[in-house]
Each structure stands twice: as structure tokens, then as C-alpha cells.
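One structure is given here, and the rest of the page talks about it.
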Amino acid sequence: MTDRRFGFQLLSTDGTARRGQITTPHGEAQTPLFMPVATQATVKGLTFDEVRCLGAETVLSNAYHLYLRPGVERVRDAGGLHRFMGWGGPILTDSGGYQAFSMGTLRRVNDDGIVFRSHIDGSEHRFTPESAIINQHGIGADIIMCFDQCVFSAGDPAAVREAMERTHRWAQACYDTHARSGQSGRQALFGIVQGGTVPELRRQSAQYITGIPFDGYAIGGLAVGETKAEMHDVTGLVCEGLPTDRPRYLMGVGSPEDLVNSVALGVDMFDCVLPTRVARNGALFTPTGRVSIANRRFAEQDAPLDDTCDCYACGNYTAAYLRHLFKAGEMLGPRLASIHNLRFILRLMSDMRSAIAERRFAAFRANFLDTYQPTDE
Ligand code: PRF
Ligand code: ZN
């Protein structure tokens with residue numbers, strides 16, 4: 001680890017879209033940035049050499065999973081997550097709250113933190129804002145996240161407000177724990193804005209969270225069941241309340257069209273399991289939309305799935321062969337599909353960066369959305 005500290009440089013803008021660069025102790029990454037998800041210290045099915053060759057510059061991992069298995073001490077004693085998993089570039093870890101709420105069995109939430117049961121063996125655990133930060137110090141990612149409460153049921157505004165206010169108290173506790181630890185030169189800490197789909201709460205949350213001098217600001221609580229229009233409106237509204245000199249991270253987003261639309265609103269960073277998760281089910285991105293490789297029409301396609309794609313799968317194999325691998329249940333199928341989908345997304349990000357730098361992002365976006373047919377989900 002060098003002593004290069006965390007930084008963000010805004011390189012150019014085009015409308016509200018931004019082109020920038022983050023600097024971390026493990027190198028630089030260009031924004032708008034997509035972070036492949038390595039939940040359990042692996043991008044499922046791929047080596048990190050492959051992930052790097054796809055053009056990924058930063059990966060995301062989860063403190064919730066690593067805390068439960070193999071344990072924070074084990075990762076720390078192995079030399080930190082970079083050494084443990086063999087990825088020398090920047091890493092961001094999510095704090096664990098969101099995963100404990102969504103994967104574990106929730107036992108109790110109060111202002112101190114949450115008590116939950118492990119999704120692995122049912123054992124009982126407690127996370128607090130303080131312990132979430134200490135866990136992430138042990139794991140050693142370049143960027144760590146505040147402990148927050150995401151509300152999944154958008155129905156009840158009182159519950160949304162309560163979770164938002166708790167998230168604000170926890171954000172201050174996370175900041176204080178991090179500031180006192182002496183780790184703040186080595187690891188950047190991002191705050192998270194919550195507030196559901198209630199515009200007034202989102203404005204309040206952006207104001208409160210940006211009142212704390214975090215290294216970056218995330219938008220949480222979206223892509224959890226609200227409509228695309230609500231997600232778009234809330235993202236735009238929150239971006240207006242964020243400082244221009246810090247990176248903005250939209251958590252858990254998204255599909256190709258969500259990425260393009262959110263970059264247009266001024267988001268700099270994304271992570272999503274979608275490209276790798278759907279790849280394992282044989283769903284592949286193409287410039288005109290997502291296709292299922294199992295479809296009969298690929299049985300005799302002795303040409304690549306996408307002849308505009310520069311990935312290893314499209315460069316070496318036909319669509320008919322990919323379909324055969326899936327039909328035969330061969331593990332190379334999901335691997336090649338993951339390579340293709342990640343490359344599709346990472347190339348989309350690279351194309352957006354060029355378009356912003358050359359001030360032609362609006363035309364790029366219009367053309368992309370015109371050609372790409374979203375999948376309803
Ligand atoms: N909070 C945290 N992680 C997250 C989310 C959140 O709200 C989301 C919501 N899409 C994904 N990951 N800490
Ligand atoms: Zn490809």
C-alpha cells in the first residue's frame with residue numbers, strides 16, 4: 001500500500017453528466033465507473049486476471065458476507081482483502097446493513113444497531129454503526145460505506161422517515177468512529193442518502209448527509225421495488241443536493257438503460273449483480289436488448305452472439321456453441337456468458353466516458369435508448 005490518499009477529480013461535464021477520476025491507495029479508476037460485484041471475494045466464475053482484462057478498475061465486496069465467512073480477522077490476518085483474493089486494484093465494501101436486512105433473518109432494529117440471524121447457519125449476530133466501520137477497517141477496502149437502513153416497503157412514509165433519521169444518526173456515528181481510528185488516510189468513507197421515494201425526505205437526507213464531510217456520497221434505497229420513473233426522479237433530485245467535488249454512487253444499479261439514464265443525471269459510480277447473475281441463467285446483453293441463449297434461433301448461428309462485441313467469448317465462439325454449453329449444463333457456459341455481459345457493461349461505461357469528454361453525451365444516450373430494448377422485470 002502506498003500513501004496515495006483518496007481523491008476525486010472532476011475532469012469534464014456535459015450537461016449534468018460527469019467525467020472524472022478517483023484516486024485510491026490501490027490506483028486510479030475512471031468515472032462513470034461500473035464495479036463488478038465480488039460478494040464473497042470472487043466475481044463468480046471468473047479469475048481477477050479475467051476481470052481486469054474485461055476493463056474493470058474497481059470491484060465491490062460485501063462486509064456482511066466476509067464477516068460471516070471467512071471472518072474479518074481471517075481476512076485481516078491474510079494481509080487484507082486485496083492480498084486474500086488477489087486483486088491489486090481499488091475495492092469498495094458495502095457495510096453489511098443492507099445485506100443483513102435483505103439476506104439475514106432480522107431480529108431487532110433499534111438506534112444501537114441491528115440483531116440478525118446468519119443466512120448460512122442461523123447464528124445470531126449484531127451490527128452497530130461502530131462495528132460496521134471496524135469490520136470494514138479489518139477487511140481493508142479502499143472505499144468503505146456507512147451503516148444505513150434501507151426500507152423495502154415504500155408504502156409507509158412514517159417507516160421511511162424513521163429509517164432515514166436512524167440512517168442520519170448512524171452516519172454521524174460511522175464518521176466519528178472512522179475519524180477517531182486513524183484509518184481515514186488509508187480508507188475513504190462514503191455517506192448514504194436514504195428517504196425512500198418521498199421527495200421532501202430525500203431533500204432532507206441529502207442536506208443532512210452532505211453536512212458531514214464524507215469522501216463521497218451514495219444514493220441508497222433505490223432499485224428496491226419502486227417504479228423506474230420514481231427511481232429516475234429521486235436520483236435527479238438527490239444529485240442536485242450533492243456537492244460537485246465528491247463522487248456520487250448509486251447503489252445496486254443497474255440495467256444498461258438505468259446506467260445510461262443515471263449517468264445523464266450526474267451519477268459517477270455503480271455496482272450491480274445483474275450482468276453476472278443473468279449471465280448464469282443464459283441471458284446475454286446485445287446492442288438491441290437482452291436475449292436468452294437457450295432460444296431456438298441461436299441453435300444454428302455459426303457466428304458470434306454479437307459481432308460488435310470485443311469480448312473473449314464473442315471473439316472465439318459462436319452463439320450456437322454458447323447455446324450448446326448451456327443446454328448441456330457445462331460450466332464454461334456461465335463463465336463465457338459472464339465474460340460477455342461484464343464486457344458489454346464495461347464497454348458501455350467506457351463509451352459513455354468518451355461521449356461525455358467529447359460533449360456528445362445527449363446524442364449518445366438518445367441513440368442507445370433508441371436501439372436498446374429494455375427487459376421488463
Ligand atoms: N444501502 C446499502 N447498500 C445497498 C443499498 C442501500 O440502500 C442498495 C439499494 N439499492 C443496494 N446496496 N448500504
Ligand atoms: Zn461478447
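Read the numbers this way: they start at 1 and go in the same order the structure lists the ligands and their atoms.
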Salt bridge or not between [X] and [Y]? Use side-chain N to carboxylate O under 4.0 Å.
{"X": "Arg166", "Y": "Glu162", "value": "yes"}
{"X": "Arg52", "Y": "Asp49", "value": "yes"}
{"X": "Asp310", "Y": "Arg343", "value": "yes"}
{"X": "Arg335", "Y": "Glu50", "value": "yes"}
{"X": "Arg203", "Y": "Glu240", "value": "no"}
{"X": "Asp258", "Y": "Lys228", "value": "yes"}

Kindly identify the option in Tyr98, Tyr249, Phe152 whose heavy atom sits closest to atom 5 (C) of ligand 1. Tyr98
Closest to atom 13 (N) of ligand 1 by heavy-atom distance, out of Asp148, Val151, Leu250, is Asp148
Do the side chains of Phe6 and Pro247 get nearer than 4.5 Å, heavy atoms only? yes
Taking only heavy atoms of [X] into account, list the atoms of ligand 1 that are under 4.0 Å away from them.
{"X": "Met251", "result": "1 (N), 2 (C), 3 (N), 4 (C), 5 (C), 8 (C), 9 (C), 10 (N), 11 (C), 12 (N), 13 (N)"}
{"X": "Cys150", "result": "7 (O)"}
{"X": "Gly220", "result": "6 (C), 7 (O)"}
{"X": "Gln194", "result": "1 (N), 6 (C), 7 (O)"}

Please calculate the SG(Cys314)-the Zn ion (ligand 2)-SG(Cys311) angle and round it to 10 degrees. 110°
For Gly196 against Val160, the heavy-atom pair lying closest together: N-CG1, 3.6 Å
Between the side chain of Asp271 and the main-chain N/O of Val37, is any donor-acceptor distance below 3.5 Å? no
Looking only at protein heavy atoms, which one is nearest to atom 3 (N) of ligand 1, and what is the separation? Asp94 OD2, 2.5 Å
Is Gly221 near ligand 1, meaning one of its heavy atoms is under 4.0 Å from it? yes
Give a yes/no on ligand 1: does Gln99 have at least one heavy atom closer than 4.0 angstrom to it? no
Test your reading of the structure: does Ile192 have an N or O sitting under 3.5 Å from an N or O of ligand 1? no
Short N/O distance, under 3.5 Å, between Leu222 and ligand 1? yes
Atom name of the N, O or S atom of His340 nearest to the Zn ion (ligand 2) is ND1
